[in-house]
Peer 1: 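Got a structure for you, written out below as C-alpha cells; questions coming shortly.
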Amino acid sequence: MRARYNQSFKLQAVEKALSRSEEISLAAIAKSLGVGNSTLSKWIYKSRNQTLEDVSNESVYKVSGGVCEKRPQDWTETEKLNLVIRCGSMTDVEVNQVCREQGVYAHHINQWKAVFSNGTMTNREDSNIAENRRLKLKIRRSKKN
C-alpha cells in the first residue's frame, strides 16, 4: 500500500529541501524524511509550478501574477531583521506561534539573528547558491527535451 502524506508534511519537506545547505544532497534529505528521492523531487517541481495540492493562503505572496509560497530565502534583509527584533523578547512558545504565522521555522530566526550579530550578510551567497541550483535544474530539463 502506498504511503499518503498530508499537505503540511509535503510543504515542510519542500521547505527543508529548498533551504538545505550545499553540502547536503536532496537524496539525504529524502532519506531523513522517509520518502523517496523521486517523490521529494516531484513535490519540489510541483511547488515551483504552483500545482502542489491545495496550498493554503498563509505565507503566500504574489509574484508576476502567480502565487508562490514565500520561502525563508525569499525574505529581504529588512523583513528578516524586523522578525528577529519582534521575536527578541518572546518566549519559545510565542516565537513558534509567530513562525507558524509567517511560514518560517524558529531555526531560521536563530540563523538570521546569528548573521546579524556577526555582522556578516550572506544573503547574496545564499541567493547565488539558489540561483545556481535553479540554473542546473533548467539545464537538466533542457537536456531531457
Peer 1: Between CG of Leu18 and CZ of Arg134, what distance do you get to the nearest 0.5 Å?
Peer 2: 9.5 Å
Peer 1: Find the distance between CG (Leu83) and CD (Glu101) and round it off to the nearest 0.5 Å.
Peer 2: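 It comes to 10.0 Å.
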Peer 1: Which is it for Lys138 and Arg141 under the side-chain contact (heavy atoms from CB on, under 4.5 Å) test, yes or no, and what are the steps along the way?
Peer 2: CA-CA 5 Å; Lys138 187 175 180 180; Arg141 285 183 187 153; 5.8 Å; no
Peer 1: From Ser19 OG over to Gln111 CD, what is the distance, rounded to the nearest 0.5 angstrom?
Peer 2: 7.5 Å
Peer 1: Go through the steps to decide whether Ser47 and Lys10 satisfy the test side-chain contact (heavy atoms from CB on, under 4.5 Å), and finish with yes or no.
Peer 2: CA-CA 9 Å; Ser47 73; Lys10 291 177 184 179; over 6 Å; no
Peer 1: Looking at every non-hydrogen atom in both residues, tell me the closest pair between Ala13 and Leu33 and how far apart they are.
Peer 2: CB-CD1, 3.5 Å
Peer 1: What verdict does the side-chain contact (heavy atoms from CB on, under 4.5 Å) test give for Glu94 and Gln97, after you've listed the backbone C-alpha separation in whole Å, the side-chain angles of each residue and the deciding distance to 0.1 Å?
Peer 2: CA-CA 5 Å; Glu94 293 170 328; Gln97 175 66 34; 5.5 Å; no
Peer 1: Taking Gln12 for the side chain and Phe9 for the main chain, is one N or O donor matched with an acceptor at less than 3.5 Å?
Peer 2: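 Flag not set: sc Gln12 to bb Phe9 has no pair under 3.5 Å.
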Peer 1: Which heavy atom of Arg20 sits nearest a heavy atom of Ser25, and at what distance?
Peer 2: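 Residues Arg20 and Ser25, closest heavy atoms: NE-C, 3.9 Å.
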Peer 1: Verify the cluster assignment for Ile29 and Leu137: are they in a single hydrophobic cluster under the rule of side-chain heavy atoms below 4.5 Å apart?
Peer 2: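 As far as the 4.5 Å side-chain criterion goes, Leu137 and Ile29 are not connected within one cluster.
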Peer 1: From Arg86 CZ over to Asn82 CG, what is the distance, rounded to the nearest 0.5 angstrom?
Peer 2: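 Here the rounded value is 10.0 Å.
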Peer 1: Could you see if Phe116 belongs to whatever hydrophobic cluster contains Val98? Use Ile, Leu, Val, Met, Phe, Trp, Tyr and a side-chain cutoff under 4.5 Å.
Peer 2: yes
Peer 1: According to a 4.5 Å side-chain heavy-atom criterion applied to Ile, Leu, Val, Met, Phe, Trp and Tyr, with indirect links allowed, do Ile109 and Met90 form part of one hydrophobic cluster?
Peer 2: yes
Peer 1: Any idea which heavy atoms bring Asn96 and Ala106 closest together, and the distance?
Peer 2: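 Smallest interatomic distance, heavy atoms only, reads OD1-CB, 3.6 Å.
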Peer 1: Could you walk me through whether Trp75 and Gln102 satisfy the side-chain contact (heavy atoms from CB on, under 4.5 Å) test, starting with their C-alpha distance in whole Å, then the side-chain angles of each, then the deciding distance to 0.1 Å, before giving a yes or no?
Peer 2: CA-CA 11 Å; Trp75 286 53; Gln102 298 297 319; 3.6 Å; yes
Peer 1: Where the side chain of Ser41 meets the backbone of Asn37, is there a donor-acceptor pair that is under 3.5 Å apart?
Peer 2: yes
Peer 1: Given side chains that start at C-beta, do those of Thr76 and Leu81 come closer than 4.5 Å, heavy atoms only?
Peer 2: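 Thr76 does not reach Leu81 side chain to side chain.
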Peer 1: With a 4.5 Å heavy-atom cut-off, do His108 and Cys99 have their side chains touching?
Peer 2: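 Sidechains of Cys99 and His108: no contact.
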Peer 1: So, do Lys42 and Ser38 sit near enough that their side-chain heavy atoms are less than 4.5 Å apart?
Peer 2: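 A side-chain contact under 4.5 Å is absent here.
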Peer 1: Residues two or more places apart in sequence or in another chain: which of them pass side chain to side chain donor-acceptor pair (under 3.5 Å) with Glu22?
Peer 2: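 Partners of Glu22 under the side chain to side chain donor-acceptor pair (under 3.5 Å) test: none.
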Peer 1: Please say yes or no: joined through hydrophobic side-chain contacts below 4.5 Å, possibly via intermediate residues, are Val84 and Tyr105 part of one cluster?
Peer 2: no
Peer 1: Could you give the distance from NZ (Lys31) to CG (Leu40), rounded to the nearest 0.5 Å?
Peer 2: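 It is 14.5 Å, given to the nearest 0.5 Å.
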